[in-house]
Amino acid sequence: MRFALSDEQRLLAKSVADVLRKHATPADVRAAWSSDVGSAERWAQLADLGVPAMLVPEQHGGLGLSELDMVVVLEQVGRFALPEPVLETAMIVAPLLAASSTPEAAAPLARIVAGEITAAVLFDDARVAANLHGASVVVLARATEGVQWFEPAAGATKARRSVDGARRLGELCAPPTWAPMVTGDRAAELTARARDRAALGAAAELVGLGRAMLDMAVDYAKVREQFGKPIGSFQAVKHHLASAHVALELARPAVLYAAQRTSERAADASRACSLAKAVASDAATGAARASLQCHGAIGYSFEHDLHLWMKRTWALARAHGDAATQRARVAALILDHNEGRS
Amino acid sequence: MRFALSDEQRLLAKSVADVLRKHATPADVRAAWSSDVGSAERWAQLADLGVPAMLVPEQHGGLGLSELDMVVVLEQVGRFALPEPVLETAMIVAPLLAASSTPEAAAPLARIVAGEITAAVLFDDARVAANLHGASVVVLARATEGVQWFEPAAGATKARRSVDGARRLGELCAPPTWAPMVTGDRAAELTARARDRAALGAAAELVGLGRAMLDMAVDYAKVREQFGKPIGSFQAVKHHLASAHVALELARPAVLYAAQRTSERAADASRACSLAKAVASDAATGAARASLQCHGAIGYSFEHDLHLWMKRTWALARAHGDAATQRARVAALILDHNEGRS
Amino acid sequence: MDLAYTAAEEAFRAEARAWLEANVPREPWPSGDTREGFALHRTWEKRLHAAGFAAVAWPKKYGGRDASLVEWLMFEEEYYRAGAPQRIAQNGIFLLAPTLFEFGTDEQKDRLLPRMAAADDVWAQAWSEPGAGSDLAGIRSRATRDAAGGGFRLSGQKTWCTRGAFCDWVFGLFRTDPAAERHKGLTYFMVPLSAPGVTVRGVGRLDGDEGFAEVFFDDVWVPDADVIGGVHQGWDVAMATTGSERGLTLRSPGRFTAAAERLVALYRSIHGQGTPVDTRVRDAVARAWIEAEQYRIFTLQTVTDVRDGRGLGAASSVNKIFWSELDVRLHETALDLLGERAELDDDAEAAGWMKGFEFALAGPIYAGTNEIQRNIVAERVLGLPRK
Amino acid sequence: MDLAYTAAEEAFRAEARAWLEANVPREPWPSGDTREGFALHRTWEKRLHAAGFAAVAWPKKYGGRDASLVEWLMFEEEYYRAGAPQRIAQNGIFLLAPTLFEFGTDEQKDRLLPRMAAADDVWAQAWSEPGAGSDLAGIRSRATRDAAGGGFRLSGQKTWCTRGAFCDWVFGLFRTDPAAERHKGLTYFMVPLSAPGVTVRGVGRLDGDEGFAEVFFDDVWVPDADVIGGVHQGWDVAMATTGSERGLTLRSPGRFTAAAERLVALYRSIHGQGTPVDTRVRDAVARAWIEAEQYRIFTLQTVTDVRDGRGLGAASSVNKIFWSELDVRLHETALDLLGERAELDDDAEAAGWMKGFEFALAGPIYAGTNEIQRNIVAERVLGLPRK
């Protein structure tokens with residue numbers, strides 16, 4: 001038993017952070033609020049790091065890395081509030097295409113691996129998803145009906161506006177003719193695993209977002225003075241931030257654990273992913289709240305970076321199953337199916 | 001519109017408090033933990049004040065007072081953690097017997113009014129209730145089947161032990177032959193109103209209990225020193241106690257409002273009683289928690305009075321519908337029956 | 001205890017309800033915290049004024065209708081129930097006006113209140129400064145006696161002035177005695193934003209509106225007539241306004257009871273007949289509704305206390321803590337009901353709740369953070385030691 | 001990352017499980033915090049010792065079996081899963097022993113640890129005093145050099161010694177330098193309760209047991225051999241023990257995961273097939289279960305950190321805040337499931353949960369209140385200013 005990231009994983013996190021620190025500054029995130037398309041340069045930089053290819057097996061030209069490696073990257077994506085669709089393209093769609101083992105998947109997969117395109121996914125009867133308007137490949141993953149992917153024609157999708165202006169949502173207005181590439185049990189399995197990865201990836205981003213918001217609040221509380229001393233010396237501020245820290249400290253291992261169990265295809269993997277999303281959603285929204293409260297009116301301002309992180313948090317906390325939905329999944333597994341702890 | 005107690009009601013509260021301060025000291029409450037029977041003297045003193053007769057109309061020899069007057073008394077009952085069954089006898093059973101308008105009710109009612117006996121009630125299919133073992137008259141109030149009262153024979157009831165040693169619970173082991181004195185719609189109505197009064201009365205006691213526990217904590221926090229100053233000067237302690245105060249300050253008017261609406265037979269009376277019980281239960285358990293935390297290890301000790309109040313609170317918060325049950329009642333009324341605010 | 005209203009009060013409610021039904025715009029307006037929305041909302045203020053509803057509790061001669069406190073609560077209840085527009089005049093009518101009634105001269109009241117009621121002048125607060133916050137004691141903006149006499153010269157910077165970029169006047173504190181410590185040596189000024197030397201800069205905020213402003217004062221001349229209360233007495237005057245801001249007047253229960261009813265409607269629209277009973281969601285909705293109702297009931301008691309001449313004092317902190325936190329929970333519950341829809345900024349219903357949530361998040365911060373309010377409750381109500 | 005256990009570890013778990021299955025009493029015992037229960041629990045400690053399970057992580061020569069940290073966690077998990085009796089030896093084995101391993105002399109370890117493992121000596125803590133609390137700095141009990149040499153004379157009073165009325169020895173701090181301030185000038189002593197001059201008085205407590213004691217020291221002679229660490233060095237020594245109390249060792253996740261499984265069983269027994277789905281209750285149960293599982297996972301990380309030689313330091317406060325608060329919520333959820341039954345002291349299942357709740361309520365208080373733990377997290381982990 002060894003519960004720690006490897007040296008390679010720490011290095012990976014650092015490499016990603018180094019790139020994002022330079023190319024995904026708060027000003028860049030803010031710029032994404034007034035841009036209809038993603039940054040091609042940033043996506044190319046992520047592709048240089050191999051990010052879109054991480055979960056693609058080597059026989060498909062990918063890097064053959066694990067969900068744990070991916071989660072290490074997504075935590076940094078959250079930390080810098082990166083607007084690019086890493087979760088959708090690299091975490092959800094690329095491994096789904098690879099696992100489909102169909103000839104039709106080869107072409108879009110190769111383009112994703114090459115960093116040429118990004119992807120989006122619609123689960124079951126959803127119509128709205130991140131990166132849907134603008135993605136070159138869209139996957140319709142329906143547990144009971146099958147899995148299909150297609151290149152959306154012009155006009156097939158339209159943009160939707162999120163409270164997080166850097167989050168490019170799209171709606172599918174003209175679905176393609178239904179012609180699934182995968183059906184039956186295999187489709188159910190691919191969909192279930194893709195859903196688990198979606199929840200897990202969002203959880204990892206949320207941990208990164210939460211930590212970044214807490215760091216902002218701590219820095220602010222050290223310098224901002226009231227009643228003649230730094231507000232960070234008041235017990236109320238200390239306790240708000242300490243509570244946020246505790247929640248994040250307990251959420252992060254849950255995310256790493258779920259990633260490892262997922263990569264092992266362990267029996268409790270799906271439950272662990274739901275658990276991770278539930279606790280990461282709560283920890284990150286709690287950190288947002290504590291950070292805003294400690295920032296006071298300044299955090300409420302559009303000119304302060306906090307709101308960029310906070311709105312991403314609000315969106316991701318609800319995307320791919322909010323905390324209550326994920327707890328209901330855990331409840332079904334522990335209360336109804338008599339699954340013990342692994 | 002005038003939302004305030006009358007001078008008479010303030011005087012009534014004071015009279016009850018004066019008696020209880022003398023005859024229901026913490027030592028007296030503690031003594032009730034090791035006694036199988038209630039204090040006849042204390043009951044006589046309450047009868048001298050007219051407490052058992054308060055909700056009995058004058059034509060039945062009672063005082064013809066209102067539920068609001070009764071709630072004023074019950075708040076003091078809670079404040080002093082009085083072990084006697086004022087709630088069961090004076091708030092629930094006496095007015096139920098009076099309202100039944102049956103000749104069979106006259107005798108037990110007269111004895112209650114005279115302060116000779118105490119009473120207990122079992123709603124619907126309940127078997128365990130406060131004061132059941134030892135009460136001279138027991139009411140079975142069943143909404144769909146009818147209302148019946150009887151004098152339990154020896155052996156018909158047995159004592160049950162509560163976490164609050166001063167709370168004498170009993171179980172009905174040998175129910176009498178079912179022969180309801182009131183049936184049909186009238187029984188449903190009597191039962192519903194008795195249940196509302198039960199919830200309301202418990203809520204009033206809880207507000208008194210909560211205030212007493214908060215007062216203890218405030219007194220302690222002023223004198224107990226740590227790190228060289230009174231613990232009440234630490235912001236964490238201040239905020240715990242301030243939050244408890246806010247909850248109690250908002251719960252008390254809800255109780256008074258429900259009492260007044262009940263006395264007016266207003267359309268929203270039943271909902272107001274549920275609301276009052278929900279918020280008073282939460283406010284009192286919150287005050288218990290805050291008080292214990294601020295007392296530290298000393299509050300954990302049997303030698304400290306706090307535990308007498310805390311355990312009564314835990315019991316009453318769950319009796320007659322806990323906060324969640326009462327909120328579910330409110331939910332049914334506002335979400336399903338389309339009842340607007342009055 | 002008497003929960004009934006008089007016939008006159010009920011008649012007043014009926015009149016207000018009828019007028020609002022006939023006049024409240026059917027379609028939602030753009031936020032009054034944007035430039036175009038502000039202009040539109042000023043026309044609404046003028047319609048309210050024409051009907052005598054701009055400031056119902058004020059004396060008739062200033063543009064009110066001498067309504068009682070109960071009638072004022074009724075009006076607020078009807079106003080929010082009707083979904084009527086945001087009150088851009090609120091800083092003046094609900095914050096400055098109570099201060100003027102208590103500390104203003106007759107000349108000031110006669111000159112300022114009628115124009116305020118008519119929305120000829122719309123007022124902004126100028127409390128915060130870059131280095132000051134909830135305690136206001138760190139105020140560094142200065143006012144010095146004008147050498148020529150008859151007025152002061154103001155210099156410094158104020159921040160977070162709500163809708164300050166579109167308003168006509170601001171009110172706030174300036175330091176008149178630089179040697180005095182913290183809360184002493186401050187004076188309460190009113191300043192037209194058109195005065196020479198005033199620069200206003202709009203700042204965007206969390207909910208996307210640009211209704212915050214920074215206001216810079218560069219040697220701005222203000223006559224003695226625009227000081228409220230005495231020179232160096234600004235702290236006491238401001239406390240009255242702050243008390244008012246977090247007390248009864250700014251947050252009438254109607255705002256929350258109306259939101260609770262909208263929450264019930266949202267629940268019904270999502271959990272219609274035939275959907276399985278979701279007790280978790282029902283519990284959250286009931287809790288939010290109950291808290292709004294609790295605040296309504298609590299306010300009946302507060303109104304009685306005020307009418308009996310028992311001032312609120314530190315108890316107004318209890319008020320502020322409760323409504324600000326219930327408002328956050330209420331909106332959170334709505335967003336939870338909406339689920340993934342909650343983030344959709346182009347879904348009018350969802351966006352309305354999200355904006356409301358963002359606005360609610362300011363509640364525990366502004367008008368003295370809830371941390372400070374809890375200190376006040378602990379120290380002044382419960383009697384715990386300050387240090 | 002490697003979540004698998006070695007074959008040796010799995011074999012150890014199997015052995016522990018088998019032994020516990022064969023030996024754990026079927027019927028619940030009276031609480032070890034009562035006099036008769038304590039005696040019974042001492043026999044259990046002796047059986048554990050005979051089987052080599054009294055202190056699995058200790059060296060064999062002291063009565064342990066050199067188990068690794070992972071094996072220790074496994075043992076705890078199995079122990080609580082089996083519903084095995086309360087460990088009355090825990091103050092010695094989990095609190096004092098780590099201190100002795102770090103600061104004790106070989107003579108002390110050889111003399112005290114084997115008797116501790118065998119439950120020949122059962123130990124109580126003597127930390128609190130009437131005027132001292134979480135910070136221990138207010139300690140006024142004194143120890144003065146015995147004029148005859150070779151020892152000290154102790155005077156003063158200690159309170160809230162868990163099971164102190166039934167134990168054989170206590171350990172705690174006494175002030176050896178009265179002129180030194182607060183945390184300085186304290187020395188760590190071990191004292192047999194049979195020593196002349198010691199008076200022990202039992203005190204009842206919230207959960208009805210009388211397992212608290214006040215201990216009075218009246219000129220009690222203690223030899224130099226019963227000082228741990230140097231004279232006046234007691235604070236540093238005590239910090240190691242306090243860290244241990246709130247750190248990894250005292251609260252292994254097995255305790256909470258076992259309680260969470262019992263909660264699941266309680267839910268199933270109440271909400272059987274055919275009852276309507278109650279999502280509110282299911283959400284609360286899932287939340288409690290999730291928190292226990294989170295703590296289990298978190299501890300895997302902690303164990304790895306410890307094994308890699310990264311001490312916990314202030315991070316152990318994170319640990320303590322989390323487990324103490326999850327324990328309260330978990331038991332609250334069980335009591336909510338029980339509803340009116342929760343108060344029944346003669347309903348074994350209900351009373352068990354209620355006792356567990358009362359015990360859990362002590363969690364946020366003892367071993368340094370959670371208020372102090374949050375200060376530690378804020379100051380030492382997040383780097384916020386002390387003053």
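Residue numbers start from 1 in every chain, and the chains themselves are labelled A, B, ... in the order their sequence lines are given, proteins ahead of strands. These figures come from a predicted structure and were not determined experimentally.
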Next on the checklist: Is it the case that the side chains of B:E67 and B:T262 hold a donor-acceptor pair, with the cut-off being a distance below 3.5 Å and no angle test?
Outcome noted: no
Item to check | Winner by heavy-atom pair count (cut-off under 4.5 Å) against chain C, out of B:Q235, B:R252, B:K229, B:Q9 | outcome: B:Q235
Checklist entry - What residue, out of B:V218, B:L250, B:L275, B:V330, has the most heavy-atom pairs lying under 4.5 Å from chain C? => result B:L250
Checklist entry - Can you find a side-chain donor-acceptor pair between B:Y257 and C:R296 that sits under 3.5 Å? => result yes
Checklist outcome for this item: From the list C:T279, C:V377, C:N375, C:V264, the residue making the most non-hydrogen contacts under 4.5 Å with chain B is C:N375
Next on the checklist: Looking only at heavy atoms and a cut-off of under 4.5 Å, which of C:D305, C:V285, C:N370, C:D308 has the most pairs with chain B?
Outcome noted: C:D308
Next on the checklist: Counting only non-hydrogen atoms closer than 4.5 Å, does C:E379 touch chain B with its backbone (N, CA, C, O), its side chain (CB onward), both, or neither?
Outcome noted: side chain
Checklist entry - Hey, does the Lys NZ or Arg CZ of C:R341 hover above the aromatic six-ring of C:W353, less than 6.0 Å from the centre and inside 45° of the axis? => result no
Next on the checklist: One thing to verify: whether C:D336 and C:R280 come together as a salt bridge, which I'm taking to mean a side-chain N less than 4.0 angstrom from a carboxylate O.
Outcome noted: no
Item to check | Mutual orientation of the aromatic rings belonging to C:F256 and C:W323 [parallel < 30°, tilted 30-60°, perpendicular > 60°] | outcome: parallel
Checklist entry - At a heavy-atom separation under 4.5 Å, does C:L382 approach chain B through its side chain, its backbone, both, or neither? => result both
Checklist entry - Does a salt bridge link B:R211 with B:E75, judged by any charged N lying under 4.0 Å from a carboxylate O? => result no
Item to check | Structural part of B:L68 lying under 4.5 Å from a heavy atom of chain C | outcome: side chain
Item to check | Side chains of C:Q301 and C:T304, donor plus acceptor under 3.5 Å | outcome: no
Checklist outcome for this item: Whatever's closer than 4.5 Å to a heavy atom in chain C on B:S243 counts as both
Checklist entry - Out of B:H239, B:R329, B:K222, which one racks up the most heavy-atom pairs below 4.5 Å with chain C? => result B:H239
Checklist entry - What part of C:V318 is in contact with chain B, defined as an atom under 4.5 angstrom from a non-hydrogen atom: side chain, backbone, both or neither? => result both
Checklist entry - Non-hydrogen atoms of chain C under 4.5 Å away: do they reach the side chain of B:D215, the backbone, both or neither? => result neither
Checklist outcome for this item: Interatomic distance, NE2@C:H271 vs CZ@C:R282, rounded to 0.5 Å, equals 9.5 Å
Checklist entry - For C:Y267, is it the side chain, the backbone, both, or neither that has a heavy atom closer than 4.5 Å to a heavy atom of chain B? => result side chain
